[in-house]
Structure formats: C-alpha cells, structure tokens
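Following: one structure in structure tokens, then a few remarks.
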Number of protein chains: 2
Amino acid sequence: MGNSKNRAETLAKPGDAAPITAEAVRRRAPKLQSGPLDYGLLKSTTGFPLKVVWIIGYTLLVKHLGDAAITPQRFSMLELIGVNPGASQSQLGTALGLSRPATTLTIDFWQERGCVDRRTEPNDRRSFGIYLTEEGERQLEDLRKRMLTSDKALTANLTDDEIAQLRGLLAKIHQ
Amino acid sequence: MGNSKNRAETLAKPGDAAPITAEAVRRRAPKLQSGPLDYGLLKSTTGFPLKVVWIIGYTLLVKHLGDAAITPQRFSMLELIGVNPGASQSQLGTALGLSRPATTLTIDFWQERGCVDRRTEPNDRRSFGIYLTEEGERQLEDLRKRMLTSDKALTANLTDDEIAQLRGLLAKIHQ
DNA sequence: ACAGATTGTTATCGTCAATAACTGATATTG
DNA sequence: CAATATCAGTTATTGACGATAACAATCTGT
C-alpha cells in the first residue's frame with residue numbers, strides 16, 4: 001500500500017486526542033461505500049465489503065499502535081516471536097507470508113529497537129533463533145493491549161455473539 | 001501491494017488449466033494461518049482472519065479476471081463507470097477512495113483499451129463525463145461473470161444463509 | 001472583474017517489494 | 001572424502017506504486 005510513513009501520518013495526527021472509534025475512522029477513511037454513486041454488482045458480492053471492512057480495521061490498528069513505524073505487519077512479527085521463542089527467520093517469515101529479504105528487514109527493525117535477539121543455534125549454524133529481549137517483552141505487552149483495543153473498536157457495533165459468528169464464518173472460508 | 005504485474009504472473013500461470021477454487025489458491029497462497037507456529041493473540045482477533053480471508057478473495061479475483069493488467073481496482077472502476085454513466089472523474093475516484101492522479105491513470109488505462117470515453121460536458125467544461133464504449137460494455141459483461149464466479153469460489157464452503165449472514169455482519173461494521 | 005475554489009494533468013519523490021546474486025553452512029552422493 | 005546441491009540469511013538492484021505538489025483551465029461568489 002505504498003508510502004506507509006506518509007499514510008500513517010495522515011491517519012494518526014499527533015494532536016488527535018479524541019478516542020479512536022470505528023466511526024471516527026470511517027468518517028475520515030476513503031469513501032468506499034457511501035456517496036452519490038451506485039456500486040452496482042460490487043454491492044452484491046462478499047469480496048468488496050470484505051475489503052472495505054479490512055481497510056477500516058487496518059486503519060484503526062495503525063492509529064491504535066500509535067507509532068507510525070510500527071505497522072500491523074511488524075507488530076504481527078513481534079507477537080509471533082513472543083509466542084514462538086527460538087523460531088528461525090524462515091519459520092517466522094513463512095508464517096506471515098513474507099519473502100526472506102522482507103523477513104530480514106522486519107527482524108532488523110526490531111533488533112535495532114533492542115526488542116529482539118538473534119542467537120546462533122549450535123545445532124544448525126546457518127540459522128538464528130529469534131528471541132524477545134526484556135525490552136521486547138515490555139513493548140509487546142503494550143502493543144498487545146493496543147491491538148485488542150483496536151479490535152474491539154472495529155467490532156463495536158456487534159454483540160459478542162455476532163463477533164463469534166463472524167469469526168466462525170471467516171474461519172470456515174479458509175478452513 | 002507492490003509489483004502487481006509480477007505477482008499476478010506468479011498467481012495466474014498461463015498453463016494453469018485446473019479449475020480455480022478457494023482451496024487451490026489456499027494451497028499456493030502465503031501461509032498466513034497454518035504451519036508449525038503458534039499465532040498467539042492474532043488467533044483471537046477479528047482483524048487477522050479478516051485480512052487472511054481478504055487476501056484469499058483478492059488472489060482468487062486476480063486469477064479469475066485472467067488478464068494480469070486488469071486489477072481488482074481497475075475492474076471496480078469499470079463497473080462503477082458502467083453503472084453510473086456520465087459520472088465525473090472526481091466522483092468515480094472518490095467512490096473508490098482514489099487520489100485524483102490515481103483516478104486519471106485508471107481511466108487512462110481503460111481509455112487506451114478503447115473501453116471508455118471522456119466527453120466534455122457543456123455545463124462544466126472543467127470536468128469530463130465518463131462513458132463506456134461498446135467495447136467497454138462487452139469487456140464489462142465478461143469481467144462481471146468472472147467476478148461473480150470468483151466471489152462464489154471464495155464462499156464455496158458457506159451455505160447461502162451463511163453468506164447472507166456474513167454480508168450482514170460486515171455491513172453492520174461499516175454501517 | 002478578481003480572488004478563491006475546483007477539475008483534471010503532469011512531474012517528482014520516497015518507499016516498498018520482488019528478484020537475483022552472494023556468503024556461509026549443511027546435506028547428499030558417488 | 002571430495003564434489004555438488006541445497007538451505008539460511010544478507011545485500012544490491014530494479015521497477016512499480018502512491019503521495020505530494022505544481023500547473024492549466026474553468027467555475028463561483030462577491
């Protein structure tokens with residue numbers, strides 16, 4: 001999606017103190033569904049509203065994560081490292097659908113911030129085991145809270161039952 | 001999402017004659033949900049599976065549209081033009097969340113393919129009314145079929161009731 | 001009539017992602 | 001055991017894309 005730094009800046013204005021709700025994002029997000037024009041067949045598909053909602057969720061998450069440099073993808077990597085200490089870069093990258101160069105850069109990012117250690121594993125000295133540092137644990141704990149808040153904001157219009165329904169249907173699509 | 005031409009080439013191999021199912025795409029798509037690693041908190045969110053399913057749908061659509069140059073976004077524009085003949089570029093771009101430069105290029109694309117006409121409107125000579133040509137009508141008719149097939153493949157695991165439920169829940173999120 | 005806003009186009013720039021080439025380490029095979 | 005192939009990770013390069021800003025033409029309002 002292009003220039004993430006600039007996009008994030010327009011989404012998360014520094015002086016934006018108001019609570020971040022799905023409604024607030026919707027107002028500012030590109031008008032994908034409302035407006036004077038007829039959306040024709042797009043209205044009667046599943047894919048189009050799926051995209052719209054995904055954009056809303058992505059935008060919300062970027063705002064809630066707070067730091068424009070911490071993209072959803074980078075956050076996902078930190079979470080994955082936290083839950084799977086010692087996993088190799090290949091495993092982590094594959095799990096997130098990243099190319100190997102992209103994986104390297106993502107882990108570089110967290111290492112430069114002191115959140116992650118690369119440890120050479122004695123049994124296979126080609127690969128690293130990736131581990132959170134204490135700073136990484138702290139960061140992750142904070143970011144997790146932000147992520148959960150964001151996810152709640154996304155589904156604010158839904159009851160708990162409906163959220164469960166939605167997740168069930170999504171899970172059924174990708175088995 | 002980066003280099004769309006190259007990505008599309010890897011997704012839609014020329015000699016790929018097998019029917020395009022959600023399952024087939026899942027097998028080839030980046031492993032976002034399966035694998036040896038634990039996804040931790042990501043599993044219990046709505047946003048993450050939403051992204052996974054959106055990627056599956058996007059990938060399916062790219063394959064079904066057949067021509068790597070015809071991206072979902074470009075298709076959406078053609079559909080919007082077909083349903084709203086005479087709309088201005090601003091209106092079309094706004095409806096799809098495109099910047100004005102991006103709108104210009106998208107309409108350039110269809111005009112170069114002879115699918116679209118820019119007609120200067122007498123009441124406001126700054127803007128164009130955008131209209132489908134006969135070739136555009138033919139293209140759109142074909143692409144619509146492909147899109148509907150793709151959307152059906154995406155929800156192949158769901159009953160009609162479940163599809164309606166899913167759309168209802170998505171609609172409820174973005175009101 | 002003139003300042004300001006709006007429509008569309010073009011140019012420029014930074015960023016990102018994919019590819020390929022490279023290093024170092026391990027596995028395989030004769 | 002030597003030669004080759006494969007694998008993990010890094011780096012360099014390239015191309016495409018999106019955002020921004022500057023621009024020309026037209027319209028609006030006072």
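Predicted model only: the values in this text are computed from it and were never measured. Letters A, B, ... are given to chains in the order of the sequence lines, protein chains preceding strands, and every chain is numbered from 1. Below, each value reflects all heavy atoms present in this structure, side chains not excepted, and no hydrogens, waters or symmetry copies.
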Checklist entry - Does R144(B) come within less than 4.0 Å of E141(B), counting only side-chain N to carboxylate O? => result no
Starting at [atom1] of [X] and ending at [atom2] of [N], how long is that distance when rounded to a whole Å?
| X | N | atom1 | atom2 | answer |
| --- | --- | --- | --- | --- |
| Q91(A) | dC7(D) | CD | P | 15 Å |
| R100(A) | dC22(C) | CZ | P | 16 Å |
| I55(B) | dA17(C) | CD1 | C1' | 14 Å |
| Q89(A) | dT23(C) | CD | P | 19 Å |
| L105(A) | dT11(D) | CG | P | 9 Å |
| L98(A) | dT19(C) | CG | P | 14 Å |
| M77(A) | dG9(D) | CE | P | 11 Å |
| D108(B) | dG8(C) | CG | C1' | 10 Å |

Checklist entry - For residues 123-131 of chain A, which residues have at least one heavy atom under 4.0 Å from DNA chain D? => result R126(A), S127(A), F128(A)
Item to check | Positions of residues 78-85 of chain B (non-hydrogen atom under 4.0 Å from DNA chain D), listed by number | outcome: none
Item to check | Reference residue S127(B); test side-chain contact (heavy atoms from CB on, under 4.5 Å); the match among N123(B), I130(B), D124(B) | outcome: D124(B)
Checklist entry - Got a second to check how far D38(B)'s CG is from N84(A)'s CG, nearest 0.5 Å? => result 5.5 Å
Checklist entry - At what distance, to the nearest 0.5 angstrom, does CG of L61(A) lie from CG of L154(A)? => result 9.5 Å
Next on the checklist: With a 4.0 Å limit, can you tell me whether S99(B) has a side-chain N or O closer than that to the phosphate oxygens OP1/OP2 of dG18(D)?
Outcome noted: no
Next on the checklist: With a 4.0 Å cutoff (strictly under), does any side-chain N or O of S88(A) reach OP1 or OP2 of dA8(D)?
Outcome noted: no
Next on the checklist: Taking salt bridge (Lys or Arg N to Asp or Glu O under 4.0 Å) as the criterion, tell me which of R146(B), R74(B), R113(B) meets it with D67(B).
Outcome noted: R113(B)
Next on the checklist: Between R167(B) and T46(A), do the side chains contain a donor N or O and an acceptor N or O under 3.5 Å apart?
Outcome noted: yes
Next on the checklist: Checking contacts here: which listed nucleotide (dG9(D), dG8(C), dA11(C)) is nearest the side-chain heavy atoms of P101(B)?
Outcome noted: dA11(C)
Checklist entry - How is S90(A) classified with respect to the nucleic acid when contacts are heavy atoms under 4.0 Å: base, sugar-phosphate, or nothing? => result sugar-phosphate
Checklist entry - Hey, does T103(A) reach any base, or is it just sugar-phosphate, or nothing, if we go heavy atoms under 4.0 Å? => result nothing
Checklist entry - Among all residues two or more places apart in sequence or in another chain, which pass the salt bridge (charged side-chain N to carboxylate O under 4.0 Å, His left out) test with R118(A)? => result D108(A)
Checklist entry - How are the rings of W54(A) and W54(B) set to each other: parallel, tilted or perpendicular (split at 30° and 60°)? => result parallel
Next on the checklist: Does the structure place the NZ or CZ of R119(B) under 6.0 Å from the centre of the six-membered ring of Y131(B), at an angle of no more than 45° from the ring's axis?
Outcome noted: yes
